[in-house]
Structure formats: structure tokens, C-alpha cells
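Structure first, commentary second.
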Amino acid sequence: MLPPKGEGTAGDQAIQKALEAAWPADLSVSDERQLLAAGRALLRADATGTGRGKWPEVFPGSNRGLAPAFSTARFRIQAAIARRDGRPDRAVVHLVWAGTDRGGTYTDGRITDLYFTRTSQEGASVWVPQPRT
Amino acid sequence: MRRVRRRLGRWGCIGVVVLLSAVCCAAPVSNAISAYVALQSAANGDGGAVVDGGTAAGIPPRMLAAYKKAVQQVGKQVPRCRGMRWPILAGIAKVESNHAIGRAVSAGGDIRPKIYGVLLNGSGAGGNTTVFPDTDNGRFDGTASGERAVGPFQFLPSTWEGVGQDAGSDGTADPHNADDAALGAAIYLCGDGRDLSQRSQLKAAIFQYNRSSEYVVNVLSWIDQYAAAAKSPDLKDVSGTVRTVIDAALSQRGVPYSWGGGNASGPSYGICCSPSGKSGTATKGFDCSGLTTYAYAKAGIRLPRTAAAQAGVGRRIPASSGTSALEPGDLVFYAYAPGRDSTIYHVGIYVGGGQMVNAPRPGTVVRLDPVDAMSGYAGGARLL
């Protein structure tokens, strides 16, 4: 059964399994791996500011500095899956995560969907993040 | 009391449960808000504040007064600004400083000890790796070797130079003063004359405050919660079976959450254990679906025992219709993947005015919360 919030890392595995059971894998292993790596990095960059420089098209002007919205120390991705989003060239990374804001409030079970489009670069397929609306 | 070993492999509602009911329920670990009912004191670990008529629980009255005062004053500073309301300022202050809770606020609004954010000198503190050159020689942030965000609204001194105003007519514009800081934040959010009643403009304003999409999501969630908590749900037009169900649930306010607890007859001892080892065996109370089971039983309706199963009863109100489609008496669901009911982790009962009655999680009690207090809104079910 699904854990209530506040269970810490002990509940994360249950959430991951629930996501995988409810939303079966529909991408190739390599696509899924690429997407998950990108999705996790993008969420971390957005929430904590770390690593924004690697995604200049998503975070323009990141060299100007940022006071992190969520602390790096208590940021944790609890579960994540990458799945098709309608068309073969579209995908979504669905993440469940925990973080502490600057006021000190810790909340887990936060849910974020990040969307990607597949493009071809030098013959290899690359997933490009779509802007957040 | 029997110990039930739970294998991670049975989710939400399978209905195969042999011995005891499946449990559920969760809520953000953060303090949820209830304006309608007095929360229990911090002694029960929830950190709730006693409601003081007209205020939203969780916001110290002097801070709330500062936010309301800023709303009154900002029109003079940014005449074209529309739609500024105190929940907006409260949402920002919540995530920036938790309303300066834990500090003293004088009658004049001065906050002590002063609130300083991490030193932004590129050393990596808090994840910041860019140097912010010192601009105020320590006047606001107490250091000449870099910059810190200051005060309840966590202004950078350089930003404060551009928006700081003296709200209290004491001759200074001080980011450590609640009134001045709230007015500064309101001015900053108003920009050149935004219409903050437009969601897109409100989002743009918050994004300008901190360039992070997740920051915007977080602040909006608090704004929505404060806006809901500011109204008391009006039950005068609710009658019949719906009223019976809501009254039954509300009658259990203050009863502790118990993992696996609650049934059609009322609160009961729960089971062991949640994934992190929290046990309900010593607590007589309700988990989220136990509470809904009890409330509906009072109207003669027998619900399945798990939250996910309860989503299969009655007429499903899709998440895509938004929370405004809910009516009093509806079951309200939350899922880790909204749209996929087997990932439902929580259920409550909608009472109107953007609020639900629920048993959130271990360590809490049955209470009212805004429907925006939980992530993963997964729609409702209408049985009545």
C-alpha cells in the first residue's frame, strides 16, 4: 500500500513501484535512461540552482547567480519514470520529490512533469527539454 | 494486537486485503492551514496555531497585519497595479521566512533577531556558486564581504535599494521591518502595474522574485491555501444526506490519525506499520479512508475500505475539471500519478469553500485543510 507523506526514504521505493505498475514502460531502455538523467538534472537545477549552466536554453542568464529556492541538502527525488507523451517523438518525465524551502518548510510528495521532444543530432536521437508553461 | 507484514507490492486498492483494511493517507509534512477550526497546539507535533477570528491559522497576527497594510498602501506606490491581496504576500513570506515565526516582532513591526539568508559569496553555501558582490557595505545584511538576503521577504540589499519604502512613517525603509518589507514586496510584485488577478501575471511576478518554476509552483500553492483558509465553509445551503456525511466527518475533528484505524462504527485501533515503521496499533483513530468510510456509513453508504477503491464508487469527477468542479460531500482524491487511480494515496471529503475534512497523516488529527494542501489532485467522486 502507498505510504503517507513524511515516511522519508523508506516510502520512496513504494512510490516508485506504484508508478511503474500504474504506468508501464513504453520507451526503449536507452531513451528512458537518457530522459531520466535529463529530467532529474533539470528538476534539481530548477529547484536548487545547481547545474543550471549545463542547460543554457532552459535557464538563460544563469551565470548571473541565484539564491536557491530549495536547499540542496534536503532535496531528494523520491521516484521518477520516463514515458511517451502521446506521440513517438514526445516524452514526459514524471517526478515525485521532496524539498525544503528557504522558510524551512519541508514537503515531500511534490509532483513535477517535465516534457521533452526527440530530435536528431548527427544521426543520434536526443531529447530536448520543452519550456515550462 | 496482530502485526501484519506488508510486502511492498500491493498498492492502493487491490481489495485482496485479508485481515485488516489497507491504510492510506498522507499530507504535506508542512503545516497545513485551517481557518475554520482551532487546531491542536504545537504539543502534538503539528505546529498548528489557534485560530484568532479573522486571521488564517499559521500566520502570526502582526505579520498578517503587515501584509494587509501593504495591500492598502501599494496602490499609492504603483497606481496601475491590480489584484494585490494579502494571500499573495503571505505565500511569499511563507516560503521565504515562514512568516518570521520564532522571532520577536515589535508593535512597530521590527523583527529581531534579524533574518539573514545564506551568504552569497560563491562558496557553495545553499548551492549558490556565484559571487554576489557586496552592495550595502553591511548596512542591511551585516556583512561587507558579500550579500545576504534579508528580512521576512528575503530581499537582496541591491533589490531593496530599488523598492524599499517607509511604510510606517518612522523615517526609514527597513527590510527587517515587517511593514516596510511587505510593502517592498508588494511594490516589487506589482512591477510596472501588473494585474495580479490574472494567473499568468501573478506567475510572472513570482518568477521575477525567484527565477525557478518550482518556486512559483510552491508559492502559488501557499497563496491558494491562504485564500481558501480565509473563508469559512458555508454549510447553510448544505442539507440532507450530504449534510449528514459532512457533519459526521466534522464531528471527528481532533481525533488522532491512526495508520489503519477507523471503520463504519467510528475510530479504532490501527495496524502496524507504515514503510518507515509508524504504527497505528496504539492509537485509536482514523486513517484517511477510515474517516470517509465512517462518514458515509452515517448516511447508510458502505464504502470500500481503501482510498483507491473509493475512487471507483459513484460518479468520477475528473482532475482535469479542477477543484472548482467539486461539490460539498464529494470524495476528493490525491495520487502520485493523477489519472492513474492505483497511485491514489489520500482521500478527503469536500465541504465547500476550497476546503476538505480529512485525516492527513501520522502525527496529525482529523481536521479541515484546503484542497490545495496536497499534491497530485486526482479529482473527486460524487456518491450523493
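Just so it is clear: chains get the letters A, B, ... in the order the sequence lines come, proteins before strands, and each one is counted from 1.
A salt bridge does not link A/R44 with B/E214: none of the charged nitrogens is closer than 4.0 Å to a carboxylate oxygen.
Taking CG from A/L2 and OG from B/S274, the interatomic distance works out to 12.5 Å, rounded to the nearest 0.5 Å. Residue B/R340 holds its CZ atom at 9.5 Å from CG of A/L19, rounded to the nearest 0.5 Å. Atom CD of A/E7 sits about 9.5 Å away from atom SG of B/C273, to the nearest 0.5 Å. Rounded to the nearest 0.5 angstrom, B/I101 CD1 and A/T105 OG1 are separated by 8.0 Å. Here CG of A/D108 is found 9.0 Å from CZ of B/R361. Values are rounded to the nearest 0.5 Å. Note that CG of A/D101 and CH2 of B/W222 are 8.0 Å apart. Values are rounded to the nearest 0.5 Å.
With a threshold of 4.5 angstrom between heavy atoms, B/A337 approaches chain A through its backbone and through its side chain. Looking at B/S97, the atoms closer than 4.5 Å to chain A (heavy atoms on both sides) all sit in the backbone: N, CA, C or O. With a threshold of 4.5 angstrom between heavy atoms, A/A73 does not approach chain B through any atom at all. Looking at B/A335, the atoms closer than 4.5 Å to chain A (heavy atoms on both sides) all sit in the backbone: N, CA, C or O.
Considering every non-hydrogen atom in both A/I111 and B/P338, the closest pair reads CD1-CD, 4.5 Å. Closest of all the heavy-atom pairs between A/A18 and B/T343 is O-CG2, 3.7 Å. In this structure, B/Y215 and A/F70 approach most closely via the heavy-atom pair N-CE1, 4.0 Å.
Looking only at distances, no side-chain donor or acceptor of B/S342 sits under 3.5 Å from a matching main-chain atom of A/A22. A donor-acceptor contact shorter than 3.5 Å links the side chain of A/D46 to the backbone of B/S213. Side-chain atoms of B/S276 never come within 3.5 Å of backbone atoms of A/A10 as a donor-acceptor pair (strictly under, hydrogens ignored).
Close approach to chain B, defined as a heavy atom under 4.5 Å from one of its heavy atoms, is seen in A/H94, A/V96 of residues 80-96 of chain A, taken by number.
Between B/N210 and A/R102 there is a side-chain heavy-atom pair separated by less than 4.5 Å. Side-chain contact check for B/S212 versus A/R132: every heavy-atom pair is 4.5 Å or farther apart.
Side-chain atoms of A/R110 and B/N218 form a donor-acceptor pair, as typed in the model, at a separation below 3.5 Å.
Taking A/R74 as the reference, nothing meets the salt bridge (Lys or Arg N to Asp or Glu O under 4.0 Å) condition, with sequence neighbours excluded.
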